[in-house]
Amino acid sequence: MSGFLPDQQGAEVRVSPNFGPRREMLGPDMIVLHYTGMATGAGAEAWLCDPASEVSAHYLVHENGWIVQMVREGDRAWHAGKSSWFGRTDINSCSVGIEIVNPGHSLGYKAFPKRQIDAVIGLCAGIAGRHSIAPQRVLAHSDVAPGRKVDPGERFPWKALFAAGVGHLVPAAPIRQGATLKACDTGADVEALQSMLALYGYGVEISGVFDRQTEIVVAAFQRHFRRRLVDGVADSSTIRTLQRLLASVKAASPE
């Protein structure tokens, strides 16, 4: 492919060879946000367009707010890797992937500039409008690949996106001393926690055992929805925030 018209007005097109047809889907119903985790935006852009990398994204958003589209929204980019949401494991086929330039946790994780976030908000709003994507399906890479990925991380300003009408958020419940669910706990309360996480979309087995995977998923949930403390322990703040999210989804659903 020599080129294409951008789906997002104002985006620069730089074609990546790393894409294919979507599988079993008419179009995307999810947006997945990543950080690049590389030293420079130029290096990340080159890597996403290098056939040897075997990775890509639909969009890259530079720190100055410049948007580059590398794969058409109608095609399947290779950004999510091994991942799942609501039991679907081919996230690449049902999503639009956005890479946001940031060095990430291993190279000096830093705050995302306002102009970059403003561009991400406009881009997400455009994608969601074109494909009728529900707010609760604007997700982090860490949501769909908990444990394996942590991006875009706890510094990503989900609150700014939500204030602009992008994504799903509720006020996080206050962190207080009290009972917690943690590694090796068992019983009905653990089963209820796992059920709520699965009901929101996370890939967790409902076993009644607070195993390592449950701990990883709880941390992923906190990284997106209760960012003040990410420790994998289900305290009252974590559980109440999850309950609020589920109630918010239910309230927004048509009868």
**Request:** Decide yes or no on side chain to side chain contact (heavy atoms under 4.5 Å, CB included) for K159 and L169, but give the supporting numbers first.
**Result:** CA-CA 7 Å; K159 188 179 292 186; L169 206 66; 4.1 Å; yes
**Item:** side chain to side chain contact (heavy atoms under 4.5 Å, CB included) assessment of V190 paired with V209
**Value:** CA-CA 6 Å; V190 176; V209 178; 5.6 Å; no
**Message:** One pair to check against side chain to side chain donor-acceptor pair (under 3.5 Å): D90 and S93. What are the steps and the verdict?
**Reply:** CA-CA 6 Å; D90 184 6; S93 281; 2.6 Å; yes
**Prompt:** Run the side chain to side chain contact (heavy atoms under 4.5 Å, CB included) check on I100 and F156 step by step: do they pass?
**Reply:** CA-CA 10 Å; I100 304 163; F156 187 74; 3.6 Å; yes
**Request:** Could you please spell out the steps behind the side chain to side chain contact (heavy atoms under 4.5 Å, CB included) verdict for Q222 and E154?
**Result:** CA-CA 8 Å; Q222 293 168 334; E154 60 281 355; over 6 Å; no
**Message:** What verdict does the side chain to side chain donor-acceptor pair (under 3.5 Å) test give for E12 and W66, after you've listed the backbone C-alpha separation in whole Å, the side-chain angles of each residue and the deciding distance to 0.1 Å?
**Reply:** CA-CA 8 Å; E12 174 190 344; W66 188 247; 2.6 Å; yes
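With contacts defined as side-chain heavy-atom distances shorter than 4.5 Å, the pair L48/V55 qualifies. Considering only heavy atoms from C-beta on, H79 stays 4.5 Å or farther from H141 through its side chain. The side-chain heavy atoms of E205 and Q194, taken from C-beta on, include no pair separated by under 4.5 Å. Looking at N102 and P152, their side chains never come closer than 4.5 Å, going by heavy atoms from C-beta outward. At a threshold of 4.5 Å between non-hydrogen side-chain atoms, the residues I175 and R226 count as touching. Using a 4.5 Å cut-off on side-chain heavy atoms (C-beta onward), E54 and N18 make no contact. Side-chain contact between Y59 and D7 is present, with at least one heavy-atom pair separated by less than 4.5 Å. Residues V32 and W85 are not in side-chain contact: their nearest non-hydrogen atoms beyond the backbone lie 4.5 Å or more apart.
In summary, D29 and R88 do not engage in a salt bridge, as defined by a charged side-chain N under 4.0 Å from a carboxylate O.
Under the 4.5 Å side-chain heavy-atom criterion for Ile, Leu, Val, Met, Phe, Trp and Tyr, V230 and V218 are members of distinct hydrophobic clusters. The hydrophobic cluster containing V120 also contains F162, counting ILVMFWY residues as joined when their side-chain heavy atoms lie under 4.5 angstrom apart, directly or transitively. Hydrophobic clustering of Ile, Leu, Val, Met, Phe, Trp and Tyr side chains at less than 4.5 Å, counting indirect connections, keeps W78 apart from V96. Residues V138 and V249 share a hydrophobic cluster, clusters being chains of Ile/Leu/Val/Met/Phe/Trp/Tyr side chains in contact below 4.5 Å. One hydrophobic cluster holds both F86 and L246 under the rule that ILVMFWY side chains link at heavy-atom gaps under 4.5 Å.
With rounding to the nearest 0.5 angstrom, the CG atom of D189 is 9.0 Å from the CG atom of L193. How far CD of E215 is from CG of D185: 10.5 Å, rounded to the nearest 0.5 Å. Here SG of C49 is found 5.5 Å from CE of M70. Values are rounded to the nearest 0.5 Å. Taking OH of Y35 as the reference point, atom CZ of F112 lies at 8.0 Å (rounded to 0.5 Å). The CZ atom of R137 sits 6.0 Å away from atom SG of C94, with the distance rounded to the nearest 0.5 Å. If you take CD1 on I98 and CG on L123, they are separated by 4.0 Å, rounding to the nearest 0.5 Å.
In this structure, S248 and H168 approach most closely via the heavy-atom pair OG-NE2, 3.1 Å. Residues Q69 and Q8 share a closest heavy-atom pair of OE1-N, 3.9 Å. The two residues D235 and T238 have their closest heavy-atom pair at OD1-OG1, 2.7 Å. Here the closest non-hydrogen pair linking V68 and R14 is CG1-CB, 3.8 Å. When all heavy atoms of Q116 and V61 are compared, the pair lying nearest together is NE2-O, 3.2 Å. The heavy-atom pair separating C124 from L33 by the smallest distance is SG-CD2, 3.9 Å.
Between H105 and Y109, the angle of the ring planes stays under 30°, which puts this pair in the parallel group of the 30/60° scheme.
One N or O on the side chain of T241 and one on the backbone of A173 form a donor-acceptor pair closer than 3.5 Å.
Partner of F225 under the ring pair (Phe, Tyr, Trp, His ring centres under 6.0 Å) criterion, chosen from W158, Y202, Y200: Y200. With E73 as reference, R130 is the one residue of H58, R130, R22 to meet the side chain to side chain donor-acceptor pair (under 3.5 Å) rule.
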